[in-house]
Amino acid sequence: QVQLVESGGGLVQAGDSLRVSCAASGGTFSSYGMGWFRQAPGKEREFVAAIKWTSRTRYADSVKGRFTISRDNAKNTVYLQMNSLKPEDTAVYYCAAGYSDYVDWTRYLYWGQGTQVTVSS
């Protein structure tokens, strides 16, 4: 069983940067694919970024060039660096662990509780 705990969310202004983190425990972190998803009120959960154990990365078109996913296997932590934030990036951000870097959220096995990111205009 893997436990995931997100941190680093907050309230920022449009154009600002923010880094959210996800600390994992209880499993072999380096063998998992890790994903970041987000869900805004009244909307479905959507893919943001994912990173495989090989460090291959995948991004949603809406964040490509602005967000960067990375992992530190020594710290069992995955990060999402978010630059040039927009009001439409406002959502609860969740990290997830699975067997690969899936885009489909239903394929992930473990989830964190989420961290709120709010971008004001």
Side-chain angles (χ1 to χ4, degrees):
Q1 187 77 9
V2 175
Q3 292 81 42
L4 303 172
V5 179
E6 299 98 333
S7 62
L11 172 64
V12 297
Q13 293 186 333
D16 285 352
S17 297
L18 193 66
R19 188 178 79 164
V20 291
S21 304
C22 173
S25 62
T28 306
F29 176 78
S30 60
S31 66
Y32 284 102
M34 300 297 296
W36 282 99
F37 292 80
R38 64 188 182 187
Q39 188 165 18
K43 295 188 176 182
E44 294 187 352
R45 187 168 301 188
E46 65 171 352
F47 170 75
V48 176
I51 185 167
K52 201 173 180 179
W53 59 86
T54 59
S55 293
R56 180 183 77 179
T57 57
R58 308 173 76 174
Y59 296 94
D61 288 342
S62 59
V63 307
K64 203 171 293 184
R66 299 189 298 123
F67 290 12
T68 302
I69 188 172
S70 62
R71 65 191 299 161
D72 186 337
N73 290 336
K75 295 183 178 180
N76 289 353
T77 302
V78 62
Y79 305 97
L80 185 68
Q81 175 68 43
M82 302 181 287
N83 299 329
S84 302
L85 281 161
K86 304 175 181 180
E88 50 264 44
D89 294 318
T90 295
V92 177
Y93 282 71
Y94 298 92
C95 72
Y99 293 129
S100 192
D101 53 339
Y102 304 117
V103 173
D104 181 355
W105 69 268
T106 65
R107 301 191 71 180
Y108 284 84
L109 303 174
Y110 307 103
W111 290 85
Q113 81 291 347
T115 185
Q116 177 70 47
V117 173
T118 303
V119 185
S120 64
S121 57

Under 3.5 Å: donor-acceptor pair, side chain of Tyr79, backbone of Thr68 |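 Not a single qualifying donor-acceptor pair exists.
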Cation-pi between Arg71 and Phe29: NZ/CZ under 6.0 Å from ring centre and within 45° of the ring axis?
->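 Yes; both conditions hold, so Arg71 lies above the ring face of Phe29.
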Residue pairs involving residues 84-109 (criterion ring-ring contact (aromatic ring centres under 6.0 Å, His included); sequence neighbours excluded) =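 Sorted result for residues 84-109: Phe37-Tyr108, Tyr102-Tyr108.
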Heavy-atom check, side chain of [X] versus side chain of [Y], under 4.5 Å:
X	Y	value
Glu6	Val20	no
Ile69	Val78	yes
Met34	Leu4	yes

Quick one: which residue pairs count as a disulfide bond (SG atoms under 2.5 Å apart) with a foot in residues 18-102, not counting sequence neighbours?
->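 Those involving residues 18-102 are Cys22-Cys95.
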Check: residues 43-55 side-chain donor-acceptor pairs under 3.5 Å, at least two apart:
{"from": "Glu46", "atom 1": "OE2", "to": "Arg38", "atom 2": "NE", "distance (Å)": "2.6"}
{"from": "Glu46", "atom 1": "OE2", "to": "Arg38", "atom 2": "NH2", "distance (Å)": "3.1"}
{"from": "Thr54", "atom 1": "OG1", "to": "Arg56", "atom 2": "N", "distance (Å)": "3.4"}

Pairs of donor and acceptor atoms involving the side chains of residues 11-18, under 3.5 Å and at least two apart or interchain, shall be tabulated with distances.
{"from": "Asp16", "atom 1": "OD2", "to": "Gln13", "atom 2": "N", "distance (Å)": "3.1"}
{"from": "Ser17", "atom 1": "OG", "to": "Asn83", "atom 2": "OD1", "distance (Å)": "2.9"}

Name all residues meeting the side chain to side chain donor-acceptor pair (under 3.5 Å) criterion together with Gln116; count only those two or more places apart in sequence or in a different chain, and write none if there are none.
->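 Thr118.
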Apply salt bridge (Lys or Arg N to Asp or Glu O under 4.0 Å) to Asp61 and list each qualifying residue two or more places apart in sequence or on a separate chain.
->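 Salt bridge (Lys or Arg N to Asp or Glu O under 4.0 Å) check on Asp61 returns Lys64.
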Least distance between heavy atoms, [X] atom then [Y] atom:
X	Y	answer
Met82	Val117	CE-CG2, 3.9 Å
Ala40	Ala91	N-CB, 3.9 Å
Asp101	Arg58	O-NH1, 2.9 Å
Asn73	Asn76	O-OD1, 3.1 Å

